[in-house]
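For reference, the structure discussed in these notes is given below.
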Amino acid sequence: MAVYRIGSGSSSSLTWPLRAKKPFELVSSVSNSAPKSSPGPSGIQMPLNPSKWHFEIDDYLNPWIPPAPWKHIPYPIAHFLGYRPNHPRPLGNIVVIFWSFIGILSSLTIIEVVGRAIPSFEAHGTPMIIGSFGAAAVLEFYAIESPLSQPRNAILGQLFSSIIGVGISKLFALGPVSRDLTWLGGSLSCACAVAFMALTGTVHPPAGATAMLAVVDKAVANLGWFLLPVIILGTVMMQTVALLLNNIQRRFPVYWWTPREVGQRRKQQQQQQQQQQEQQDEKNNNESGSDTSSKLELTRTRHLEEGRAVEEEAKIVIRRGHVAIPEDIYISTEEKTYLEELSLRL
């Protein structure tokens, strides 16, 4: 909660709270003379100008995502998961190109070899490799610091796009003239996949190709829903190779979910539980220390000055075996006990 202050001095200053922007709060710079927007679903203010609409799914998901457990993982393992206590040193482009060459060659070879060794892949007529993995390898081993190459985008983007591509392929196959509309299905699947990835924060360019291949490429379209395990297995193997090779002299990934802070909801719950526990402990201490309050005396000191009563500044008076506390001073149970012990030492 922020406070906006106008003016200087205690007599002319005005303060009022400024409400923090909500995750789906839509802001419009419409003048006061323009008509006010009507509340949308769930009380969300929908501005009349659609160009101001904004949706960020991380505002809803990040509070529930647990923070990275690096302190619970041995450093040699955390190192190959992208954790660095210090920022890595910059490298020359020759080293980057060398490791990119090794990584792309290794990952694509492993995907092809494993795909040929699985009997179910051969039974379904699976291609040697899905073409979009070539574009994915460029991101995963060369542009490793790009947000588009992080694990969230690479894995979820390919998964969502595969589902959308296969779904549209099945939908178009229901019509009698489906073969004549394959060109439309391919472009529609790619467009839908990109839109969905953008809304979910999982944009991965090669995944758009996966969605389109699921419709326009006959060998890939014949896989149907079996395309999902093919894509998932290939993506996981490529990510595994990337974690091993990219962390030798570089760092990958830069983050696993998002560079923004996560786990706020869990922190709030822990703070609330801690506050409730402190309140309960204080209540128990007050009940247990009620018998010691008889040794304390609440006092207010007054004296006459020029014919009128004047109250002196509140003071705590400690005598041997006796403590006098003004009634307008709050003393906790621990403080009361300490003052009583101090009075016995006089």
Side-chain angles (χ1 to χ4, degrees), residues 82 93 95-116 121 126-169 182-183 185-223 226-247 250-257:
N93 69 324
V95 175
V96 174
I97 294 172
F98 170 78
W99 285 116
S100 300
F101 175 85
I102 299 298
I104 294 173
L105 176 64
S106 303
S107 62
L108 296 182
T109 301
I110 291 174
I111 293 174
E112 292 170 346
V113 171
V114 172
R116 293 182 61 183
F121 279 33
T126 305
M128 182 181 299
I129 192 171
I130 304 300
S132 60
F133 281 132
V138 178
L139 286 175
E140 299 304 321
F141 296 97
Y142 184 78
I144 63 174
E145 296 182 354
S146 171
L148 306 177
S149 63
Q150 305 309 308
R152 172 187 178 181
N153 299 66
I155 298 175
L156 295 182
Q158 288 279 24
L159 176 61
F160 294 153
S161 298
S162 301
I163 295 174
I164 293 173
V166 175
I168 292 179
S169 177
T182 300
W183 56 271
S187 57
L188 178 62
S189 63
C190 184
C192 292
V194 172
F196 189 82
M197 288 189 293
L199 288 174
T200 56
T202 58
V203 176
H204 188 62
T210 302
M212 187 171 64
L213 289 173
V215 180
V216 301
D217 189 293
K218 186 176 181 180
V220 179
N222 290 337
L223 293 176
F226 191 76
L227 176 64
L228 269 64
V230 173
I231 289 294
I232 293 174
L233 179 61
T235 303
V236 171
M237 287 192 294
M238 182 172 290
Q239 289 291 310
T240 303
V241 176
L243 291 174
L244 294 175
L245 296 182
N246 290 345
N247 284 299
R250 297 181 291 172
R251 178 191 178 188
F252 178 82
V254 179
Y255 55 85
W256 280 86
W257 181 259

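Model, not experiment: these values are computed from the prediction.
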- Output for pair (I164 CD1, S169 OG), nearest 0.5 Å, gives 13.5 Å
- Any side-chain heavy-atom pair from V215 and C190 closer than 4.5 angstrom? no
- Message: Looking at S189 and G186, would you say the former's side chain and the latter's main chain have a donor-acceptor pair under 3.5 Å?
- Response: yes
- Under 3.5 Å: donor-acceptor pair, side chain of Q150, backbone of I144: yes
- OG/S100 to CG/L105 distance, rounded to the nearest 0.5 angstrom? 12.0 Å
- Euclidean distance, N93 CG relative to F98 CZ, rounded to 0.5 Å: 14.0 Å
- Is there a donor-acceptor pair under 3.5 Å between the side chain of R250 and the backbone N or O of F141? yes
- Message: Restricting to non-hydrogen atoms, name the atom on L213 and the atom on S132 that form the minimum distance, rounded to 0.1 Å.
- Response: CD1-N, 4.0 Å
- Query: Can you check whether E140 reaches S107 side chain to side chain, under 4.5 Å on heavy atoms?
  - Reply: no
- Message: For a quick test of reading the model, state the closest non-hydrogen atom pair linking P205 to L139 and the distance between them.
- Response: CD-CD1, 3.9 Å
- Min side-chain heavy-atom separation L227-I130 under 4.5 Å: yes
- Query: If you measure only the distance, is there a donor-acceptor pair under 3.5 Å linking the side chains of Q158 and T210?
  - Reply: yes
- Query: Rounded to the nearest 0.5 Å, how far does CD1 of I168 lie from CG of L188?
  - Reply: 4.0 Å
- What's the shortest heavy-atom distance between A214 and G165, and which atoms? CB-C, 3.7 Å
- Message: Using every non-hydrogen atom in the two residues, find where P127 and A219 come nearest and quote the distance to one decimal.
- Response: CG-CB, 4.0 Å
- Message: Less than 4.5 Å apart, side chain to side chain, heavy atoms only: is that true for I231 and L159?
- Response: no
- In Å and rounded to the nearest 0.5 Å, what is the CE to SG distance from M212 to C192? 13.5 Å
- Message: Does any part of the side chain of N153, heavy atoms only, come nearer than 4.5 Å to the side chain of P147, both counted from C-beta?
- Response: no
- How about T126 and L223: do any of their side-chain heavy atoms sit closer than 4.5 Å? yes
- Give a yes or no on whether the backbone of W256 and the side-chain of R152 come within a donor-acceptor separation of less than 3.5 Å. no
- Test L228 against I163 for side-chain contact (heavy atoms from CB on, under 4.5 Å), laying out the working first. CA-CA 7 Å; L228 269 64; I163 295 174; 3.7 Å; yes
- Please examine the side chains of T202 and F196, heavy atoms only from C-beta on, and report whether any two atoms are closer than 4.5 Å. no
- Query: When you measure from the side chain of T182 to the backbone N and O of V216, does any donor-acceptor pair fall under 3.5 Å?
  - Reply: no
- Message: With a 4.5 Å cut-off on side-chain heavy atoms, are M238 and V241 touching?
- Response: no
- Closest heavy-atom pair and its distance - H204, L148: ND1-O, 2.8 Å
- From S149 OG over to Y142 OH, what is the distance, rounded to the nearest 0.5 angstrom? 12.5 Å
- Using the benzene-type ring in the case of Trp, are the ring centres of F226 and F121 under 6.0 Å apart? yes
- Query: Should we say atom CZ of F101 is surrounded by more than 12 heavy atoms from elsewhere, each under 6.0 Å from it?
  - Reply: no
- Message: I'd like to know if the side chain of N246 and the backbone of F252 have a donor-acceptor N/O pair within less than 3.5 Å.
- Response: no
